[in-house]
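Worksheet for the structure shown next.
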Amino acid sequence: MKKRERFQQIKLSDAQKKKLNAEIKAFYLDERGEEIGMIEQMQLLELFEQRLAPIIYNKALDDAKQWFSQMMENMDSDYYVLYKNET
């Protein structure tokens, strides 16, 4: 069986992990009506950190770059609007 490629792990603070574990626990209880143990919470959080977070992070970077590029295009056109006629 082929091992999946590992992304560089995003590091969360202890406070962030605690909050996310509580969110996972609440999700399982609210959506599935199931209690989930601490080990399962930690395993899910590790999955999110290792596999999903880098993909979401990279998408956010791409979106920010696209937004910044659009702003730079606007700045370029705005710059030339400031020019005065030299008649």
[atom1] of [X]: more than 12 outside heavy atoms within 6.0 angstrom?
X	atom1	value
Met38	CE	no
Ile39	CD1	no
Gln66	CD	no
Asp62	CG	yes

If you round to the nearest 0.5 Å, how far is [atom2] of [Y] from [atom1] of [X]?
X	Y	atom1	atom2	value
Leu29	Ile24	CG	CD1	13.5 Å
Leu20	Lys25	CG	NZ	15.0 Å
Glu40	Glu34	CD	CD	10.5 Å
Ile36	Met42	CD1	CE	12.0 Å
Asn21	Gln16	CG	CD	12.0 Å
Phe27	Arg32	CZ	CZ	7.0 Å

- Message: One thing to verify: whether Asp63 and Lys59 come together as a salt bridge, which I'm taking to mean a side-chain N less than 4.0 angstrom from a carboxylate O.
- Response: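 Judged by the 4.0 Å cut-off on N to carboxylate O distance, Lys59 and Asp63 do form a salt bridge.
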- Query: Can Ile56 be reached from Phe48 by stepping across I, L, V, M, F, W or Y side chains whose heavy atoms are under 4.5 Å apart?
  - Reply: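 Different clusters.
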- Give a yes or no on whether Tyr80 and Met75 share a hydrophobic cluster (residues Ile, Leu, Val, Met, Phe, Trp, Tyr; joining criterion: side-chain heavy atoms under 4.5 Å apart).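 The answer is no; the residues belong to distinct hydrophobic clusters.
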- Verdict with supporting geometry, Arg51 and Glu46, side chain to side chain contact (heavy atoms under 4.5 Å, CB included): CA-CA 8 Å; Arg51 305 279 186 226; Glu46 282 182 26; over 6 Å; no
